Amino acid sequence: MAERAPFNILDPATAGDAQRRGSDPRELDRCMEQMLSYIYASLPNYPLYLGQRFHAARAAPDRVDRISRLPRELRRDIVSRLPVKDAARTAVLSWRWRTIWLSTPLVLVDAHLLPKGQGFPPTYSTNSQPITAAVSSILEAHPGPFSCVHLICSRMDSYRPQLARWLQLFAAKGVHDLVLVNRPLPLEVPLPATVFTITTLTRLYLGLWKLPGTAALRGASFPHLRELGVLFVEMEPGDVDYLVARSPVLKILNILGCMKGLRLRLVSQSLRCVQIAGSIMENIAVVKAPCLERLILHGSCKRGGGLCTRVRIGDAPKLHAFGYLEPGQVLEIRDTIIMVRLLPPSLFFSSVSNRVQLTEVHG
């Protein structure tokens, strides 16, 4: 009999523990794999060229190194678009390139540090130690600032001191675009509060963490943050409200996989787009958002007991796109209440199995 394939996400110890508790470890592994696929699909792109590799052209007859004679700013622009390994290697090209990498805002994606032959996404058998060691060396060596850093390949529960040091370096040297995703399991690894003191951030995506206490969030300061993503993060009611309130220029808010019952009270002078997907939503209140243009609720999850989602739209004069209202959800727009109900199939033609009725109630 052929040996069964190993797990993609679960390590053997976690799989054994799940089996002892009466759970199917392979089903759990599939769920974890699907959850990670949702997270990876929701992450923003990074500004690197990963297209066709070009072979070096034959040297010109006069042996002149013309590319090294390009203006320094143009060489810095070239290096900024290369994966970190290739960017660092440019230092050996000639004396003109030695300081280019160190003087260029760093772009670091740890998926490009995976061992040779290891595809993406990583599996439970992927050794995080060489990746975290390489990330630490690069962050210590580069003087900053860091233009874009995506760290998504390590099981951070085993490398908390390294994570704490990375966040200290980000706060000290400056980072603009930061993505931090912890590879499960466990799912509830505490996120160090230092991340909320990085005032240079313009975009922040967090995946598979547990947010710190309210006191840490109250001390958050994101004066330049324009986009925030919270993906399968354990948090308490009001946590997102605190982050939005401390991000005065925030334009995009993306929430995925909130399973504790999301309660959101939006007060923002800058928000333009809010997207909430794959979450248990209890109460979404747009209190005052004069710039909000799009509110997208997609793939809402149901909790036992028939929890009703209530969406309240208060002051949002520019809102022109809203979706999707599903059965069991109630939309309130000032004095107007809109409810979605499924009508019995017998009320329609036999070829129609389900129909949705919008019931409008004026206050």
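In what follows, every heavy atom counts, from backbone to side chain, and hydrogens, waters and symmetry copies are set aside. Numbering of residues begins at 1 and proceeds along the displayed sequence. Predicted model, so just to flag it, every value in this text is computed and none were measured.
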D86 side-chain N/O to P83 backbone N/O, donor-acceptor pair under 3.5 Å: no
side-chain hydrogen bond (donor to acceptor under 3.5 Å, both in side chains) pairs, two or more places apart, involving residues 184-198: none
Trace of the side-chain contact (heavy atoms from CB on, under 4.5 Å) decision for L169 with E140: CA-CA 8 Å; L169 291 172; E140 294 283 358; 3.8 Å; yes
R26/D29 salt bridge by N-O under 4.0 Å criterion: no
K251 NZ: over 12 foreign heavy atoms closer than 6.0 Å: yes
Side-chain donor-acceptor contact under 3.5 Å, R265 with N283: no
Main-chain N/O of L180 paired with W209 side-chain donor or acceptor, under 3.5 Å: yes
Steps toward side-chain contact (heavy atoms from CB on, under 4.5 Å) verdict (N182, L163): CA-CA 11 Å; N182 173 47; L163 174 63; over 6 Å; no
Full working for salt bridge (Lys or Arg N to Asp or Glu O under 4.0 Å) between R30 and E33: CA-CA 5 Å; R30 283 191 292 270; E33 190 172 19; over 6 Å; no
Heavy atoms from other residues, nucleotides or ligands near OH of Y38 exceed 12 (cutoff 6.0 Å): no
K318/E293 ion pair, N-O < 4.0 Å: no
Any side-chain donor near an acceptor of the partner, R75 and T90, under 3.5 Å: no
Inter-residue atom distance H142.NE2 - L106.CG, 0.5 Å rounding: 4.5 Å
Side chain S279, main chain C258, donor-acceptor under 3.5 Å: yes
For E73, side-chain contact (heavy atoms from CB on, under 4.5 Å) partners two or more places apart: R76
S80 side chain to I78 backbone, donor-acceptor under 3.5 Å: no
Exam field: side chain R183 to backbone C153, donor-acceptor pair closer than 3.5 Å: yes
With S221 via side-chain contact (heavy atoms from CB on, under 4.5 Å) - residues at least two apart: T199, P223
Contact list for residues 144-153, test salt bridge (Lys or Arg N to Asp or Glu O under 4.0 Å), sequence neighbours left out: none
All N/O donor-acceptor pairs, side-chain side in residues 200-208, below 3.5 Å, sequence neighbours left out:
from, atom 1, to, atom 2, distance (Å)
T200, OG1, V175, N, 3.0
T200, OG1, V175, O, 2.8
T202, OG1, H176, O, 3.1
R203, NE, D177, OD2, 3.0
R203, NH1, E227, OE1, 3.4
R203, NH2, D177, OD2, 2.6
Y205, OH, E227, OE2, 2.6

For F170, ring-ring contact (aromatic ring centres under 6.0 Å, His included) partners two or more places apart: F146
Main-chain N/O of L250 paired with S270 side-chain donor or acceptor, under 3.5 Å: yes
